[in-house]
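Reading through the structure tokens given below for one structure.
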Amino acid sequence: MLEEVERWLAERSWSAADRPLDVLLAAKRDSGTTVSVVLPALNEEPTVGAIVEVIRRELMSDAVPLVDELVVIDSGSTDRTAEVAAAAGARVVHRDEVLPGLPALPGKGEVLWRSLLATTGDVVCFVDADLREFSADFVSGIVGPLLTDPGVQFVKAMYDRPLGEAAGQGGRVTELVARPLLNLHWPQLAGFVQPLGGEYAARRSLLERLPFPVGYGVELGLLVDALHTVGLDALAQVDVGVRKHRHQDGQALGRMAAAIYRTAQLRLARGHLVRPAITQFERGPEGFVPRTYPVDTEERPPMAGIPEYAKRHAA
């Protein structure tokens, strides 16, 4: 590991317990910083309501007004995700309502990109909507450094990821794809425990300057681009405990891995993809059947260059 990364781990890796809520509230009050929490959601009816309820109860009360805005961005759910989230107290915005003149592309990154126009906070905190046994530390932990340290601009959550009953075996794409890529090509980022984790917070002033891969590559893309934009010392991570969520099957993970590799490839060379697709195999009645899926090849430009966004800030 680079000496720079060892130093970073000692100076920019914390626990959620390092910043109690009273410290965060005082820092927020003194700075006037506003905080938006965004939950991107697609068919998350079983879990989204409980997450919203915890945030509303523990971080949006009169006694603890840490979060100013809680928005669920529904990307086309066919279940009751939107109804459950609204009943729990979130403002629900459909993906297609944001920038309606620009046809939406499928993918999580698309939703996160559009959320910048649907929110107003100085700090934007992203939280996946499939988490179980959710703790408010996932929010307060990662916004904490942004409220208390003006030098920090981007914060990732780190946590244990059990796979079923096996501790620490989650994050298969992280270990097999993302971590090798980062260690080989961006060794300054080798200290991040969960580089692909969906829970992170950043200053709006940074996010609006970054391109957003529209699909699974968004987490790696934002992390790499944040490094190049503001430098390692402006990045941090916070231990928030244990993350339990719905796990995807092996083929879905393969598609995710391909998108992440493609995101890395573009950042390494901005070169042409010979074949932006991945073929996988499923056993059918007569043997293995090939199924080919497109690999996400689109990215949204920095939000700061979108006329609707600039118009809102000028108003």
Side-chain angles (χ1 to χ4, degrees), residues 39-51 72-85 94-96 103-113 128-133 160-182 194-198 212-221 242-266 271-300:
L39 275 66
L42 176 63
N43 295 329
E44 303 295 358
E45 178 184 344
T47 51
V48 67
I51 297 172
V72 171
I73 309 288
D74 184 5
S75 59
S77 298
T78 56
D79 64 2
R80 297 180 61 254
T81 290
E83 294 89 335
V84 169
H94 194 281
R95 174 198 61 196
D96 296 342
L105 295 168
K108 177 184 178 183
E110 176 82 356
V111 175
L112 300 185
W113 182 72
D128 281 350
D130 66 341
L131 302 188
R132 296 182 287 110
E133 300 178 27
D160 294 319
R161 294 185 66 183
L163 180 61
E165 299 301 316
Q169 295 302 306
R172 290 161 288 174
V173 176
T174 293
E175 299 304 331
L176 296 175
V177 181
R179 201 176 306 285
L181 281 172
L182 293 175
Q194 296 292 352
L196 298 185
F212 277 61
V214 300
Y216 287 128
V218 63
E219 271 81 31
L220 183 133
V242 178
R243 184 186 197 267
K244 297 182 179 180
H245 66 113
R246 182 186 68 253
H247 291 281
Q248 301 196 54
D249 63 35
Q251 293 212 330
L253 294 180
R255 296 190 291 274
M256 182 185 298
I260 289 166
Y261 179 80
R262 169 262 169 188
T263 300
Q265 181 192 43
L266 288 182
H272 174 65
L273 280 177
V274 176
R275 183 176 179 269
I278 179 172
T279 298
Q280 299 174 316
F281 293 87
E282 301 173 5
R283 182 179 287 280
E286 299 180 1
F288 286 103
V289 179
R291 307 286 188 194
T292 299
Y293 301 89
V295 173
D296 296 318
T297 57
E298 298 290 338
E299 292 194 7
R300 292 302 192 187

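Here the structure is a predicted model, which means the values were calculated and not measured. When reading the values below, keep in mind they use all heavy atoms of this one structure, side chains included, and skip hydrogens, waters and symmetry mates.
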Evaluate the side-chain proximity of [Y] to [X]: yes if any heavy-atom separation is below 4.5 Å, no if none is.
| X | Y | value |
| --- | --- | --- |
| E219 | T174 | no |
| D79 | V84 | no |
| W113 | V214 | no |

For a quick test of reading the model, state the closest non-hydrogen atom pair linking [X] to [Y] and the distance between them.
| X | Y | answer |
| --- | --- | --- |
| V173 | A257 | CG1-CA, 4.1 Å |
| L182 | P195 | CD1-CB, 3.5 Å |
| G217 | T263 | CA-OG1, 3.3 Å |
| A104 | R95 | CB-NE, 3.4 Å |
| I260 | Y216 | CG1-O, 3.8 Å |
| V72 | A41 | CG1-CB, 3.9 Å |

Euclidean distance, [Y] [atom2] relative to [X] [atom1], rounded to 0.5 Å:
| X | Y | atom1 | atom2 | result |
| --- | --- | --- | --- | --- |
| D74 | D96 | CG | CG | 9.5 Å |
| D130 | T47 | CG | OG1 | 6.0 Å |
| L39 | T81 | CG | OG1 | 10.5 Å |
| R179 | Q194 | CZ | CD | 6.5 Å |
| N43 | T78 | CG | OG1 | 4.0 Å |
| K108 | D128 | NZ | CG | 3.5 Å |

Practice item. Could you pull out all residues at least two apart from E110 that satisfy salt bridge (Lys or Arg N to Asp or Glu O under 4.0 Å)? Key: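 For E110, the residues satisfying salt bridge (Lys or Arg N to Asp or Glu O under 4.0 Å) (neighbours in sequence not counted) are R114, R300.
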Exercise for review: Could I get the full list of salt bridge (Lys or Arg N to Asp or Glu O under 4.0 Å) partners for E133, not counting sequence neighbours?
Suggested key: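 Checked E133 against salt bridge (Lys or Arg N to Asp or Glu O under 4.0 Å); matches are K244.
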Exercise for review: Step by step, work out the side chain to side chain contact (heavy atoms under 4.5 Å, CB included) result for M256 and V177.
Suggested key: CA-CA 10 Å; M256 182 185 298; V177 181; over 6 Å; no
